Amino acid sequence: MRTQFEAGGLAAGQPMCKVPREERKPHAWAWWKHIGAPKYWVAPMVDQSELAFRLLCKHNGTEGAYTPMIHARMFLTDPCYRAEVFTTLIGRSKDAPTTENRTRVEAEDRPLLAQFCANDKSIWLEAAEAVAPFVDGVDLNLGCPQRIARRGKYGAFLMDHLDSVVAMVRHVVARLKVPVTAKIRVFDDLKLTLAYARMLEEAGCSMIAVHGRTRDMKRAKEYPPDWRAIRAVREAINIPLLANGGVRSLAEAHALMAFTGAQGVLSAEPLLENPGLFKFGSLTGSEIESNVETPGSIMALEKAKLLTEYLGLTREHETPLRMIKAHMHRMAGRWLAEFVDLREAINAKTPSPDRNRLEEIAWEISQRIHATVQSGRYEAIPKLSERALARLENEEARELAISQQKAEESNEAVACPLGASLSANMVKAV
């Protein structure tokens, strides 16, 4: 595990408030350099940026990641939810008996930011203190635009209460031993967006991630992100910035960074469909151009490989079945519109597939993709009409959203299969 960050005279274990206000911005850049100045990030996603998926992405080009969005109150009050939503490699390596090997293995899931949704500074602080020893920073979700966030008065709906946001950030920055970051959406009014970002910077944030859409733009495919607004924020603040929105290829990631001046980019839905989105991220210049357009045969086979690799990781790092199913749908994508029997097998309710059955289905998907490519065809031919496919996808998304909503409303996790996933130190900390 990384040692506690030290820079600018900050001693290990001391709260960030020990950094004089005038030194906070240089300190933020020192922290950014310390975690490796990562360019390519897994965005925070409810139920979908869990440990197994983060590791899959890390093995295939990403350099940093957020945890799934964690509900701070539920994290403190529900042990099952806590064990399910926050997992890292800390203390979980079976083949790393030495300190050196353990550090190497645990580094696979770093740098890592734990993202919380919260509207109470004391609850957020208590939850943040519990995870601080296991992450590189703690993030405040100020971007969730969903209806459940409106009811809970968190996420993007805190944009109506900026004084409270600033108070929360100041309170946690003054007491937490790791940096605090924030992920925001933009206002319709650019001046408000810039004022918002400056307020967070002055409150003590060490980094800001900017989603270039407003909170009313819930459907990403319908609204192009405002790269100009992201660039304006980059020019207005003096701490690291990550850009979010519109990145569906490595070329677009580089274009976004070049246009905005952002230090890195986040990807959510495109990365769910292709966890190898940033696979050639270490290349530059003409090398990037020659690797951006992956031939259809390679892309199809890559999807098959990533799917089976992910299922293997879920066995090594226990993952709730609903998360596995959701990832299988996204990674297999249009192939499940052709392999309708396998789509139905994933969604079966009586009996519902267990982990072993899901692995069998993933293997079968992979084998069929390979056979199709060998026949000279590289794209799926849907057996379902566009309307029927859209209806099925909407039903699947609705079921997932309902399960998440019920979990929050009842203050109980959907399932509790991971009761032993936290280390003893983590249990004591909470």
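Given the structure is predicted, the values throughout are model-derived calculations rather than measurements.
The pair E302-K279 counts as a salt bridge, with a side-chain nitrogen and a carboxylate oxygen less than 4.0 angstrom apart.
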Worked check of side-chain hydrogen bond (donor to acceptor under 3.5 Å, both in side chains) between T88 and D109: CA-CA 7 Å; T88 75; D109 194 31; 5.3 Å; no
Side chain to side chain contact (heavy atoms under 4.5 Å, CB included) evaluation trace for Y40 with L250: CA-CA 9 Å; Y40 311 110; L250 180 63; 4.0 Å; yes
side-chain hydrogen bond (donor to acceptor under 3.5 Å, both in side chains) between K183 and N141, worked out: CA-CA 6 Å; K183 185 173 185 294; N141 182 317; over 6 Å; no
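Residues forming a salt bridge (charged side-chain N to carboxylate O under 4.0 Å, His left out) with K153 (at least two apart in sequence, or on another chain): none. Taking F187 as the reference, Y196 meet the ring pair (Phe, Tyr, Trp, His ring centres under 6.0 Å) condition, with sequence neighbours excluded.
Ring geometry for W227 against F259 counts as tilted: the plane angle lies between 30° and 60°, on a 0 to 90° scale.
Between the side chains of Q263 and R234, at least one donor N or O sits under 3.5 Å from an acceptor N or O. Remark: the N274 side chain and the K303 side chain contain no N/O donor-acceptor pair separated by less than 3.5 Å. Under the 3.5 Å distance criterion, with hydrogens and angles disregarded, a donor-acceptor pair is assigned to the side chains of E108 and H59. Side-chain polar atoms of S352 and K325 form a donor-acceptor pair below 3.5 angstrom.
Without hydrogens or angle criteria, E84 side chain to C80 main chain gives no donor-acceptor distance under 3.5 Å. For T308 (side chain) and A304 (main-chain N/O), a donor-acceptor pair under 3.5 Å exists by modelled atom type.
Annotation: cation-pi geometry not satisfied between R213 and Y223 (NZ/CZ under 6.0 angstrom from ring centroid, within 45° of ring axis).
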